[in-house]
Amino acid sequence: MCRNIKTLHNFEPPATEEEIRSAALQYVRKISGAAKPSRANEAAFERAVDEVFQASARLLRELVTSAPPRNREVEAERAQARAQQRFAPAASA
């Protein structure tokens with residue numbers, strides 16, 4: 001699950017609220033061990049997602065860097081190339 005949480009800092013354009021909330025949801029799913037909470041735990045689950053979202057949004061607003069913003073398309077291409085290399089079938093010997 002956590003592999004789905006992507007770096008959100010220092011991109012142009014900046015991360016959207018939807019991206020931050022998705023990362024918060026993935027985090028809460030991971031630590032709770034539940035992709036979908038039971039009715040008994042639904043309120044606590046949603047509250048946790050909201051709190052992680054708020055903390056993450058605040059963190060992203062407050063982080064400072066001197067590095068130039070990264071390009072989303074370039075980073076996506078790099079990730080795809082790494083995945084192709086990682087999951088490519090082994091060459092026959």
Side-chain angles (χ1 to χ4, degrees):
M1 278 187 226
C2 280
R3 289 184 202 159
N4 296 333
I5 299 176
K6 306 296 182 204
T7 300
L8 299 176
H9 175 60
N10 198 28
F11 277 100
E12 191 58 44
T16 64
E17 285 190 5
E18 182 179 325
E19 290 172 313
I20 299 168
R21 183 163 293 282
S22 292
L25 176 61
Q26 287 296 321
Y27 176 76
V28 172
R29 284 177 173 169
K30 181 65 174 186
I31 64 168
S32 70
K36 186 172 195 277
S38 66
R39 281 193 185 169
N41 294 324
E42 193 170 12
F45 191 91
E46 289 302 319
R47 190 169 39 256
V49 171
D50 288 340
E51 290 173 3
V52 171
F53 165 75
Q54 290 172 11
S56 299
R58 185 172 50 250
L59 172 67
L60 291 171
R61 280 193 310 271
E62 294 176 1
L63 287 174
V64 177
T65 183
S66 59
R70 293 178 283 182
N71 182 296
R72 290 176 184 277
E73 289 146 9
V74 170
E75 294 299 321
E77 289 171 8
R78 288 179 185 163
Q80 186 175 24
R82 284 191 305 268
Q84 286 177 345
Q85 189 174 41
R86 179 178 178 195
F87 297 112
S92 299

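Worth knowing before you read on, the calculation uses all heavy atoms, side chains too, and leaves out hydrogens, waters and symmetry mates.
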Please give me the minimum heavy-atom distance between Phe11 and Glu75, naming the atom from each residue. CE2-CG, 3.6 Å
Taking the side chain from Asn10 and the backbone from Thr65, do they hold a donor-acceptor pair closer than 3.5 Å? no
Please confirm whether the backbone N or O of Ala34 pairs with a side-chain atom of Arg29, one donor and one acceptor, at under 3.5 Å? no
Let me confirm one number: the CD-CD1 distance from Gln54 to Ile20, rounded to the nearest 0.5 Å. 11.5 Å
Can you tell me how far the CG atom of Leu59 sits from the NE2 atom of His9, to the nearest 0.5 Å? 8.5 Å
Using every non-hydrogen atom in the two residues, find where Pro37 and Phe45 come nearest and quote the distance to one decimal. CG-CG, 3.5 Å
Using side-chain heavy atoms (C-beta onward) and a distance below 4.5 Å, is Arg21 in contact with Val49? yes
Separation of Arg78 CZ from Arg70 CZ (nearest 0.5 Å): 9.0 Å
Nearest non-hydrogen partners of Ala23 and Leu8, listed with the distance: CB-CD1, 4.2 Å
Any side-chain heavy-atom pair from Ser22 and Lys6 closer than 4.5 angstrom? no
Heavy-atom side-chain contact between Thr16 and Glu19 under 4.5 Å: yes
Nearest 0.5 Å, please: how far is CD in Glu46 from CZ in Phe53? 12.5 Å
